[in-house]
Amino acid sequence: MHGTPENIVILTGAGISAESGLNTFRAADGLWEDHRVEDVATPDAFARDPALVHRFYDARRARLAEVEPNAAHVALARLDAEWPGDLLIVTQNVDDLHERAGARRLLHMHGELMSGWCLSCDEKFGWTGDMGEGAACPVCTSPGAVRPNIVWFGEMPYEMDRIEQALMGADLFVSIGTSGAVYPAAGFVQTARYRGAHTLEINLEPSQGSIFFDERRFGPAGVEVPKWVGELLQSAQSRPMSS
Ligand code: OAD
């Protein structure tokens, strides 16, 4: 890479939370926590069988309460705190492990498990514990209209304008623990690269878009991410950024 980067965009996926004990999506059997994606992660599935979809996300929310951020989340939070240039962590994950590790410059493009969305008044709000079919909206009090605030297949990811803007200004794009199977996130590397950013992939194995990365580091995120963050902060210290 030429020179020290100033503006960084980091995309994270399920692989960064794997060492915390959360399963990734694309396991060898093609199932996600024993379900087909189309049975639990689409608006159609919710319309057809809301009880099943709620049970599924209630179980994911309960599991999240049992796990902790790992060394990769902690290293990114450190980078966020210490990096003087622009930085944005865009996560596809609906867990809250980045924020529990202390990351601030963060957005959840696929929504959040610990959040609900009322289809009656359109408000979004924090949610702990089970939601279930009869949950009342804390804002308008309507019962039975609250859904998990998760972006399902066929729905538009959140904050695409802000992400696009950050990618346009990035001189370093890093993708961590994502298979590159789901768009639009899988296309971010090409946007960043087109704008001249250096692109780095950190993953257990080559992702589907691996050829678009200038640099690849393969290994567990809990090892590779702290190593990379340490190197980056070290290089920024020895070669201060302009202005
Ligand atoms: P995937 O399950 O598709 O991919 C996880 C990636 O992480 C794979 O490439 C693994 O090789 C890698 N991986 C596993 N363990 C790792 C570790 N310890 N360290 C580093 N890498 C590791 O998950 P995503 O790419 O995040 O969408 O999936 C993208 C989206 O598809 C999700 O956000 C979700 C899903 O359907 C929605 O829910 C809308």
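Note that this is a predicted model, so its numbers are computed, not measured. In each ligand, atom 1 is the first atom listed, and ligand 1 is the first ligand listed.
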Please determine, by modelled atom types, if Glu68 and Ser20 share a side-chain donor-acceptor pair under 3.5 angstrom.
-> no
Can Ser207 and Ser179 be counted as having a side-chain donor-acceptor contact under 3.5 angstrom?
-> no
Residue portion contacting ligand 1 (non-hydrogen atoms closer than 4.0 Å) for Ala18 = side chain
Could you see which bit of Val182 sits under 4.0 Å from ligand 1, with heavy atoms only: side chain, backbone, both or neither?
-> side chain
Between Gln92 and ligand 1, is there a nitrogen or oxygen pair with a distance under 3.5 Å?
-> yes
Quick one: does Gly180 get an N or O within less than 3.5 Å of an N or O on ligand 1?
-> no
Test: [X] and [Y] ion pair at under 4.0 Å:
| X | Y | value |
| --- | --- | --- |
| Arg36 | Asp39 | yes |
| Arg104 | Asp80 | no |
| Glu215 | Arg193 | no |
| Glu231 | Arg217 | yes |

Which option out of [options] puts a heavy atom nearest to [atom]?
| atom | options | result |
| --- | --- | --- |
| atom 35 (C) of ligand 1 | Tyr183, Phe25, Phe218 | Phe25 |
| atom 11 (O) of ligand 1 | Glu155, His110, Glu205 | Glu205 |
| atom 25 (O) of ligand 1 | Thr178, Thr91, Val94 | Thr178 |

Quick one: does Phe153 get a heavy atom under 4.0 Å from ligand 1?
-> yes
Do any heavy atoms of Pro220 fall under 4.0 Å from ligand 1?
-> yes
Qualifying residues under side-chain hydrogen bond (donor to acceptor under 3.5 Å, both in side chains), relative to Trp127, sequence neighbours excluded = none
Out of all atoms in ligand 1, which are within 4.0 Å of some heavy atom of [X]? Include the element for each.
| X | value |
| --- | --- |
| Gly177 | 5 (C), 6 (C), 7 (O), 21 (N) |
| Gly13 | 26 (O) |
| Val151 | 39 (C) |
| Glu19 | 17 (C), 18 (N), 19 (N) |

Can you check whether Ala221's main-chain N or O pairs, donor with acceptor, with Glu19's side chain at less than 3.5 Å?
-> yes
Candidate pair Glu155 and Arg147, rule salt bridge (charged side-chain N to carboxylate O under 4.0 Å, His left out), full reasoning | CA-CA 14 Å; Glu155 297 182 323; Arg147 62 166 268 185; 2.9 Å; yes
